[in-house]
Structures are given as structure tokens and as C-alpha cells.
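Pasting in a structure now, in C-alpha cells, and then I'll have a few things to ask.
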Amino acid sequence: MSFRTKLLALFMLTIISAVTLVGWGVSSYTRRAFELFDRQRSDALVAQFRREYAQRGEEIAHRVQGVADAEATVRMTIDLNRPQADVSQYYNDAHGIAQSQQLDFFDIVADDGTLISSAEWPARFGYKNDWVTGEKDWNSQGAFLSRVEMQDGADLGLLAVRVVRVGEKHFYLIGGQRLNQDFLATLVLPESMRAILYRNLGQGFTASDLTDQHGPVAQAELFAPLIGEVQSSRRELQRTVESGFGSTKNSESFNAIPLIGRAGDLLGVLLVGSSRQDLIQMLNFMRALALLVAGGVILAGLILGWWISARVTRPIEQLARGAREVAAGHWEAHVEVHSRDEIGQLAAAFNDMTRQLAEQRERLVQTERVAAWRELARRLAHELKNPLFPLQLTVENLQRAREQTSEQFDEVFFESTATMRAELENLKAIISRFSDFAKMPAPEFEPVDLNESVRSVVKLFEPQFCAMGRPPITPELYLDENLAHPQADRILLRRALENLVLNSLDAMPAGGTLTVRTSQSNGSVRLDITDTGAGLTPEECARLFTPYYTSKQHGTGLGLAIVQSVVSDHGGKIAVESAPGAGATFRIELPIEQAGSPNGHVQPMTENSAVSSAA
């Protein structure tokens, strides 16, 4: 990934993160504000219910107390207190009192708990109401929630009990009103809110006992889990109830308030619900708006980011392109300076650097040429000195023999001419070797089977491995049969292999093992040639590839220099690993594919370049 792409991606990531963070923050704040407002509305409705509940209880208690204080009630209780009183004549009184006081329930109970009259269930005349006789101080208590047995089932009512004392006896007046949808209708409900009452009069969940101000609640089974949870915990809960699907999906937040009776039993559950549709619509609108704004901001950010990244990275790309040109050998590379900021200063410094490199390179080339000529003259003088001295002695011997008219002149003449021819051949060989090194041809690349080249070179030297009069040398080949065919010059590569094998033979005068190994990795092929000779010191390893350097008694010191020149012209690397007494390993790495110029030729800067140009 390019630097421009990374910079643009970072810029876009920052914008997207900022937009996402702002959108999330606004949505979270809106949700919390709505939930707080919803909670406040729910609390207000619950408070209203409690006030209405208390007010209804006070009203019921006041009405029952008014019945207890009425003169007709006092006469009735006095009459019932007489011995052998006829209670049947008051059988229908409860019904009339209930109608006059607008009560749904009214019972007249004797001192022993016997029901004298009942407005809601007259047929229970004579039944016992033992619970009412267990409390003596009813007159100081307010209304309470209770289960009321009816002729067609049970009902939930808000009751009040008052006691009328006549002598030693107590007569109990029980009055109350139903807690049902009529009671819920008295509540003032804000828009999008509703109150639901569940009368917990049986085991489990009964859908018909769930009502609101309009009657039975539709889809009552949705509330079964919430009712069951309240029945188990008997504490106030808050849950979300969802109904419908797709576009008709509705979500409501409900506060479930348990309604506890006088004996501590759960008699009902008040559900105060608030619709979340406004919140959902608001959040959907905010999400759509956020997506629209985010899309516009991202698009604008993309354009702005591309412009900024291009403005920032274009000078850097020019610098990188200039650095690649310098690396490729174009020392005069120049970068245009268009600003005075840090990038402009860097470009100016780069231009100064390339100018100084070009100047230093020119001075270095001139210095190397002079040094190469001097080294060439020294080596030529050294190599030519040895054959010239015998030639001089031979000519002087011929001159003395001629002057003295020696009888052995013919014998001296033939011996001297033979010596001169031998030394002249030596001079010719020296000049030929120097000429070969100076005229190294440019490689002509083609796919080469390196394994086959190794086998042919080793086969060429087989007579020397087993030569008479010298210890044998054992060749061992470990060749990768799946080795790729690198682009190379077949003749030059073979010449380099011959020089390396010959160098290994010279390093093992006492015999040994010559190991040749080929392998492949990371787009290159590798050739290892290992001998078991005396090895080399670190100083010798450092100078081994220097032209005209040799550690042998004979030779010109050009063999390994030629090998390095061939490897360098192939764009490869050569190295030696050795230690005294541990033999030596020459390692060559060649690229499988050549690169650098259109025709595949690589022109590396080798140590003998100056020598070649000088020659």
C-alpha cells in the first residue's frame, strides 16, 4: 500500500470515526432524554393512580361511615340486638343501601360474622364472614383492596368496613366499589400512554382478567411473561413489550406495579405503558439524517483527503523516483523544488546530494583509473621481469661464445635458442591471460541448466581427480532436480565454474572431497562449491577476489577475479566462507530473471571495471 493510500485511508478513517462518534453521541443523548421524559410521565401517571386510588378509598370509607351513622342503621342494629330478632326482614336492605350510596358491594354482618344482607350476592344470606370479626378497630382504618366473591365468580374491589356498636354486640357494614375499567377511565392519560389492570384472582395468567379503560386488552398473551415475573417477585418492574411485525411493529415500555391486599396477598397488577414509537421514529430519522450527512461529509472528505494526500505525497514520490534513478546509476537526477517548507528543503538537500555524488563519482573514477594503470604497470613489470632475465643471460652467453669462437658454439646456440623460445612462449601466455581478463565480453542471456553445467565441468576434471602420482579427490554432487533455469551466459558461467573447481583442486594437494550443491530460494538459484583443503585466513578471504592477488606459488591472481566479474555481470553475488584448517566454501547466488535494461543485460560496478577500461 502506497503512502498516499495510507494517508487517504487515515484521513477517511478519522472522518468516519468522528461522524460515527457524533451520531452515536446524539442518538445516546436523545435516547436517554426520551427515556427520562418517559419515566417522568410514567411516574406522574402512577402518582395519579395512587391519588385516585386513595381518594376513591376515602370516598368509599366516608360513604360506609355515613351509612353507619344513619338513623335507619341505628334502628336496624337495635332491632337486631333484641332477643329472637327476625333478621330476614333486612334481607334486601343491603341492595337498597348500595344503590343509594353508589356502591358496588355492600354487606351487613352480625356480631358472630353471619351475613345478614348482601347487595352483590343475596343468596349468601346466613353465610359466615369470619375475616371481618377478627379485627375490632375497623373504624380507624381506611379502605383496602380485597377479593370479593360474586355469584358468577370473583371480583376485585376497594372495600371499607365500619362497626356499629349496640350494647355488647358489633354489627359490621362492608361497602366498596369495583376496581375495573371504570376506575381506569377516571385517570387522565397523556397521549401515547395507557393504563392496564390485571386482576390476579386465579392461578397463573388469565387473559380475560387483563383490561384497560376500553375493556379486554388485545394480544393479552404478550403480557404473560411480565405478569408472571411480578407474581413471582412481588416488586415493581420495568420491561419493554413489542408487538406486530415490520412496518406495524409497536414497542411499549411498561412499569408493572403490584397491588397488594390487606393480608399481604397479590390481588392485582397495574401496568403503566408508554409507547416508544416516537423514540423509534426519532431514532430512525436521526439515523437516516446521520447517514445522509455522513455520506456528504465522507464524500467531501474523500475529495479533500485525496487533494491533501496528493499534495503531501507528490513531492515525496518525486524524491523516491529521484532516489531510484540514483540507485540505477543516474547520478545527475534532479528533483523540482516548488515550496519552501520541509518537503522543499528536503528536495533541495537531495539535489545537493546528487550533485556532490556526481562530482565525487567522477573524482573516484579518475582515481581508480590512475590506480588501475599503476597496478597494471606493476603487475606487468613483475610478470615480464621473470622471463626477460633468462633471455638477457642467454643472449649474453651467445655473445661470449661467438667472440671466443668456442668449439661448443653450436651446442650453446641450440641450448640458448631453446631457452629463448620457452621464455617467449611464457611471455606470450602472460600477455594472453592479461588480454583475456581485459576483454571480458558482455553476457548473452538465455535459460541455462545449472545442474547440467555442473555435471559437465566435473566430468571435464575427472582425469585430474584420479591423476597418477597424486592423492585422489572425490567429487560429491547434491543437485536440486527441480532447480529453475536462470537467465545466464552459458559460456561465461561455465568458465567461472571451471575456475572455481580448478581453485579447489589447487587447495587440496593431499587429496580430499569436492562437494557441489545447488538449491533455490527467494527468486534466486544458489551454487555451493566446498573443498576440504587447508582453508584461508580472514585476511585472505577479504582480498581473495582482488585482481592480481594470489596465495599460490604460481598463477596471476586473475582466476577468482574473473569469477567475480562473471557473477557481477549476471547481477549475482559471490562470497567465501573459510577458516584455517576447515576448508573453504564458495557460494554463488544468481537471479532467475534478469532485470535492469531492456535486453536483460546487467551492468554492475565491479572492481575490475577500471582495469578493463584501462586495458
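Here the structure is a predicted model, which means the values were calculated and not measured. Residue numbers run from 1 in the order of the sequence given.
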A side-chain contact here means heavy atoms from C-beta on lying under 4.5 Å apart; do Leu266 and Ile260 qualify?
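Result yes, sub-4.5 Å side-chain heavy-atom pair found.
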Would Phe105 and Leu159 satisfy side chain to side chain contact (heavy atoms under 4.5 Å, CB included), going step by step from the backbone distance to the final call?
CA-CA 8 Å; Phe105 315 113; Leu159 305 181; 3.7 Å; yes
Test side chain to side chain donor-acceptor pair (under 3.5 Å) applied to Asp69 and Gln65, step by step:
CA-CA 6 Å; Asp69 294 339; Gln65 185 65 51; 3.1 Å; yes
Measure the spacing between CZ of Arg234 and CG of Leu259 and express it to the nearest 0.5 Å.
12.0 Å
Indicate, with yes or no, if the rings of Phe144 and Trp138 have centres closer together than 6.0 Å.
yes
Qualifying residue, where the test is side-chain contact (heavy atoms from CB on, under 4.5 Å) with Tyr198 and the options are Leu226, Leu156, Leu210, Leu267
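Exactly one option meets the side-chain contact (heavy atoms from CB on, under 4.5 Å) with Tyr198, and it is Leu210.
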Side chains of Gln231 and Asn200: is there a donor and an acceptor less than 3.5 Å apart?
yes
Any donor and acceptor pair, going by atom type alone, linking the side chain of Asn129 with main-chain N or O of Val132 inside 3.5 Å?
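Checked: no pair found.
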Would you call Arg147 and Asp155 a salt bridge, using N to O less than 4.0 angstrom?
no
Minimum heavy-atom separation for Ala160 and Ile60, please, with both atom names.
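That closest heavy-atom pairing would be CB-CG2, 3.9 Å.
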Using side-chain heavy atoms (C-beta onward) and a distance below 4.5 Å, is Leu158 in contact with Tyr53?
yes
Evaluate the side chain to side chain donor-acceptor pair (under 3.5 Å) criterion for residues Asp107 and Ser118: first the C-alpha distance (whole Å), next the side-chain angles of each, then the deciding distance (0.1 Å), finally the verdict.
CA-CA 4 Å; Asp107 294 335; Ser118 175; 2.8 Å; yes
List for me each residue that meets side-chain contact (heavy atoms from CB on, under 4.5 Å) alongside Thr133, sequence neighbours excluded, and say none if there are none.
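Counting only residues at least two positions away or on another chain, Thr133 forms a side-chain contact (heavy atoms from CB on, under 4.5 Å) with Tyr172.
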Output all residues satisfying side-chain contact (heavy atoms from CB on, under 4.5 Å) with Arg51, sequence neighbours left out; order by chain, then residue number.
Ala47, Gln48
Heavy atoms, side chains only, cut-off 4.5 Å: are Arg194 and Ile196 in contact?
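Arg194 vs Ile196: side chains touch.
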Quick one: closest heavy-atom pair of Ala256 and Val269, and the distance?
CB-CG1, 4.2 Å
Should we say atom CH2 of Trp24 is surrounded by more than 12 heavy atoms from elsewhere, each under 6.0 Å from it?
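Not buried by this count: 12 neighbours or fewer within 6.0 Å.
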side-chain contact (heavy atoms from CB on, under 4.5 Å) partners for Pro447, two or more places apart
His485, Gln487
Mark yes or no for whether Arg517, through its side chain, and Tyr478, through its backbone, hold a donor-acceptor pair below 3.5 Å.
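No: the side chain of Arg517 does not pair with the backbone of Tyr478.
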Using side chain to side chain donor-acceptor pair (under 3.5 Å), reason through Asn522 and Ser524 one step at a time and then give a plain yes or no.
CA-CA 6 Å; Asn522 299 326; Ser524 300; over 6 Å; no
Min side-chain heavy-atom separation Phe254-Glu252 under 4.5 Å:
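Result yes, sub-4.5 Å side-chain heavy-atom pair found.
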Nearest-0.5 Å distance, CE of residue Met76 to CD of residue Glu71
13.0 Å
Any chance the rings of Phe183 and Phe49 have centres within less than 6.0 Å?
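Ring centres of Phe49 and Phe183 closer than 6.0 Å.
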Side-chain donor-acceptor pair under 3.5 Å between His62 and Glu58, yes or no?
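Absent: no donor and acceptor within the cut-off.
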What are the two closest heavy atoms between Pro591 and Pro486, and how far apart are they?
O-CB, 3.7 Å
For the residue pair Leu197 and Leu179, what are the closest heavy atoms and their distance?
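For Leu197 and Leu179, the tightest heavy-atom pair comes out as CD2-O, 3.2 Å.
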A quick test of your reading: do over 12 heavy atoms of other residues, nucleotides or ligands sit less than 6.0 Å from CD of Glu221?
yes
Salt bridge present between Arg124 and Glu149 (N-O < 4.0 angstrom)
no
Considering only heavy atoms from C-beta outward, does the side chain of Asn255 approach that of Leu271 to under 4.5 Å?
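Not touching, per the 4.5 Å side-chain cut-off.
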Sequence-distant partners of Arg526, side chain to side chain donor-acceptor pair (under 3.5 Å), two or more places apart
none
What's the shortest heavy-atom distance between Met193 and Val272, and which atoms?
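Shortest heavy-atom separation between Met193 and Val272 comes out as CE-CG1, 3.9 Å.
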Roughly how far apart are His170 NE2 and Asp111 CG, rounded to 0.5 Å?
7.0 Å
I'd like to know whether Leu80 forms a side chain to side chain contact (heavy atoms under 4.5 Å, CB included) with Val87, so could you lay out the CA-CA distance, the side-chain angles of the two residues, the decisive distance to 0.1 Å, and finally the verdict.
CA-CA 7 Å; Leu80 292 173; Val87 298; 3.5 Å; yes
Mark yes or no for whether Gln356, through its side chain, and Met353, through its backbone, hold a donor-acceptor pair below 3.5 Å.
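No, Gln356 side chain to Met353 backbone: no donor-acceptor pair under 3.5 Å.
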Partners passing side-chain contact (heavy atoms from CB on, under 4.5 Å) against Asp137 (at least two apart in sequence or in another chain):
Glu135, Ser140
CD1 of Ile108 to OG1 of Thr73, rounded to nearest 0.5 Å, is 7.0 Å
So Thr114 and Lys128, do their side chains get closer than 4.5 Å, heavy atoms only?
yes
Does the side chain of Tyr91 reach to within under 4.5 Å of the side chain of Pro122, using non-hydrogen atoms?
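They are in side-chain contact.
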Tell me whether Phe205 at atom CZ has more than 12 heavy atoms from other residues, nucleotides or ligands lying less than 6.0 Å away.
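Counting other residues, nucleotides and ligands, CZ of Phe205 exceeds 12 neighbours.
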Do Asp104 and Glu120 come close enough that some side-chain heavy atom pair is under 4.5 Å?
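Of all side-chain heavy-atom pairs linking Glu120 with Asp104, none is under 4.5 Å.
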Using the rule given for side chain to side chain contact (heavy atoms under 4.5 Å, CB included), can you reason through Arg56 versus Gln177, listing the C-alpha separation, both sets of side-chain angles and the distance that settles it, and then say yes or no?
CA-CA 9 Å; Arg56 183 67 61 89; Gln177 292 180 342; 2.9 Å; yes
If you apply the rule side chain to side chain contact (heavy atoms under 4.5 Å, CB included), what do you find for Phe171 with Val109, and how did you get there?
CA-CA 6 Å; Phe171 292 90; Val109 181; over 6 Å; no
Could you walk me through whether Asp480 and Gln520 pass the side chain to side chain donor-acceptor pair (under 3.5 Å) check?
CA-CA 8 Å; Asp480 184 0; Gln520 176 179 336; over 6 Å; no
Non-hydrogen atoms of Ala195 and Leu270 that approach each other most closely:
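So the minimum-distance heavy-atom pair works out to CB-CD1, 4.5 Å.
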Just how far is it from atom CZ of Arg75 to atom CD1 of Ile78, taken to the nearest 0.5 Å?
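Separation between the atoms: 9.0 Å.
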For Arg587, check salt bridge (charged side-chain N to carboxylate O under 4.0 Å, His left out) against everything at least two apart and list the hits.
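With sequence neighbours excluded, Arg587 shows a salt bridge (charged side-chain N to carboxylate O under 4.0 Å, His left out) to Asp528, Glu577, given in chain and number order.
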